[in-house]
Structure formats: structure tokens, C-alpha cells
Amino acid sequence: MEREKFLTEEFIQFIFFGVLFATYESISLTVALIFKFLESHPSVLAELMIEHENILKSRQDSESSITWDDYKSMTFTQQVISETLRLGTTAPGLCRKAVKDIQFKGFTIPTGWNIMMVTSIRHINPEVYKDPLEFNPWRWKDMDSFTISKNFSPFGGGTRQCVGAEYSRLVIALFLHLLITKYR
């Protein structure tokens, strides 16, 4: 019996595309969307400026590097990032292959079929998000973790969440910090 090769040329090309997309396209698209939303919502920009100016004021040396504690204190920044990802999910959906027959709402999805879950539709569910098409970072302030885990998946979910999710948030938050504190 001949073994199937794991690292086929097609698989390697797929991985390279995935790495390029995940590390470049998704972060740059999210940052571009943040620019659009900040331009349209001056109150959001004003609150971001207050948060980041407070980070600078809390330091003994305002020119020192940002710390992990500084990053973790960026609560409104994370709300802006989450709201941007909710409205502008960079990945069109999640693809899976049925490994066995699946019964779903009276239908059978046969073994071997490809399934695509369009996650962005969950991000505009009016039963979860009041005024779902409105950019409102404040909505994340009081949202509980259970609701978030079931209704927000810009980086996938469960055991298949993107390994770069926190890295992406960190890069975007650092970019926003530099943008807001160094430029007008």
C-alpha cells in the first residue's frame, strides 16, 4: 500500500498563500477599516486619544517602550478592534469537510461534502447586536464572554482558532498607539 505524501507541492503552495494572507492581508485590511471608521466617528477617535494619552501619562519616561501592562490596559482599543473585525471580517468564512453524514435541520450533509460557514452573517445578528450595521465599539464593554464566544469568530473558533489572533490584535493595537500618540 502506497502512502500519500503529506507535503505535496499543492499543499506547500496552499500553506504559503495562507501565511501571506494571514500575516499581511488581514492586518492591513483591518487597519484600513479602522481608518475609515475613525474618520466617520470622531467620538471614537477622541476616546482612543484619551486612552493612549493616559498610557503615556502613566509612564515615568514618556519615551520608554510600550509594556505588556500598557497593552493590556488598552480596553477601548480592543473594543475598537473587535467592532472593526465584527463589521469587516477579513476571512469570508470557514471551510470544513464532512467526515461523516451530518443531519442539519432536516437535511443530510453527506460524507465528503465541503461545508462553508459564512461567519460574517453571525456578526450582524440583530438578536445579539443592537443596530448591527452601526459601528459602536462601546457595545463590547458589557458583552459577556459566553455571548462573544458563540457569536463572534473573526479568527475562527474553538480548537481551530487562528494561532495568530492575539498577535494580530497586538500589532493593530501597537499601530494605533503610535498613530494616535505621534501623529495628528
Side-chain angles (χ1 to χ4, degrees), residues 7-41 44-45 47-49 51-52 55 65-68 70-97 114-125 128-129 131-141 143 145-183:
L7 291 175
T8 64
E9 188 173 323
E10 181 183 14
F11 181 74
I12 292 169
Q13 290 172 358
F14 177 77
I15 293 299
F16 274 123
F17 173 77
V19 168
L20 287 172
F21 176 77
T23 60
Y24 176 73
E25 291 296 330
S26 59
I27 291 173
S28 60
L29 176 60
T30 303
V31 168
L33 286 170
I34 288 173
F35 271 100
K36 179 215 177 294
F37 290 136
L38 292 180
E39 187 275 328
S40 304
H41 298 84
V44 174
L45 179 58
E47 187 153 336
L48 276 176
M49 290 174 77
E51 181 173 83
H52 289 274
I55 290 170
S65 298
I66 198 159
T67 66
W68 185 249
D70 293 336
Y71 170 66
K72 294 310 263 183
S73 74
M74 297 179 188
T75 54
F76 189 68
T77 302
Q78 291 302 327
Q79 290 171 219
V80 170
I81 293 169
S82 291
E83 186 69 352
T84 303
L85 290 168
R86 184 185 72 81
L87 288 171
T89 302
T90 57
L94 303 172
C95 294
R96 299 292 181 261
K97 190 172 201 168
N114 290 317
I115 305 163
M116 181 171 186
M117 181 177 87
V118 181
T119 55
S120 58
I121 200 70
R122 295 185 330 161
H123 295 168
I124 57 170
N125 181 350
V128 177
Y129 304 102
D131 299 322
L133 299 178
E134 180 68 30
F135 180 75
N136 177 10
W138 292 277
R139 78 174 75 238
W140 296 93
K141 184 177 182 180
M143 198 174 292
S145 59
F146 180 79
T147 301
I148 293 170
S149 70
K150 297 296 180 197
N151 298 286
F152 182 63
S153 54
F155 297 106
T159 59
R160 294 186 175 230
Q161 183 167 346
C162 174
V163 296
E166 191 63 33
Y167 170 77
S168 298
R169 286 181 170 277
L170 174 68
V171 169
I172 295 167
L174 292 176
F175 177 83
L176 285 172
H177 179 74
L178 291 173
L179 176 73
I180 290 167
T181 60
K182 303 285 185 191
Y183 300 95

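As the structure is a computational prediction, the values presented were derived from the model and not from experiment.
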> For residues L179 and F35, determine if any side-chain heavy atom of one lies less than 4.5 Å from a side-chain heavy atom of the other.
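L179 reaches F35 side chain to side chain.
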
> Between R169 and E166, is there a side-chain N and carboxylate O pair less than 4.0 Å apart?
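Not counted as a salt bridge, because no side-chain N and carboxylate O are separated by less than 4.0 Å.
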
> Keeping the roles fixed (side chain from H123, backbone from S153), state whether a donor-acceptor pair exists under 3.5 Å.
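Yes, because the side chain of H123 sits within donor-acceptor range (under 3.5 Å) of the backbone of S153.
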
> Does a side-chain heavy-atom distance below 4.5 Å link P137 with Q78?
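Not in contact.
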
> In the structure I gave you, are the side-chain heavy atoms of E47 and V80 within less than 4.5 Å of one another anywhere?
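Contact flag for E47/V80 side chains = no.
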
> Please check: side-chain N/O of R122 versus main-chain N/O of K150, any donor-acceptor pairing under 3.5 Å?
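Indeed, once roles are kept as given, a pair shorter than 3.5 Å links the two residues.
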
> Answer whether the closest heavy-atom distance between the side chains of D131 and N136 falls below 4.5 Å.
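No; the side chains remain at least 4.5 Å from each other.
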
> State, with a plain yes or no, whether a side-chain heavy atom of F152 is found less than 4.5 Å away from one of M143.
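No - every pair of side-chain heavy atoms lies 4.5 Å or more apart.
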
> Begin with the C-alpha distance, continue with both residues' side-chain angles, and end with the deciding distance and a verdict on side chain to side chain contact (heavy atoms under 4.5 Å, CB included) for H177 and I55.
CA-CA 9 Å; H177 179 74; I55 290 170; 4.0 Å; yes

> State, yes or no, whether a side-chain contact exists between F37 and L87 at a heavy-atom distance under 4.5 Å.
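Yes; the side chains approach each other to less than 4.5 Å.
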
> So, for I66 and M74, which heavy atoms are closest and what is the spacing to 0.1 Å?
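Closest approach of I66 to M74: CD1-CE, 3.1 Å.
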
> Taking S73 for its side chain and D70 for its backbone only, find out whether a donor-acceptor pair lies under 3.5 Å.
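Pair found, side chain donor or acceptor close to backbone of D70.
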
> Does Y71 reach the main-chain N or O of L174 with its side chain, forming a donor-acceptor pair under 3.5 Å?
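Not confirmed, Y71 side chain does not pair with L174 backbone.
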
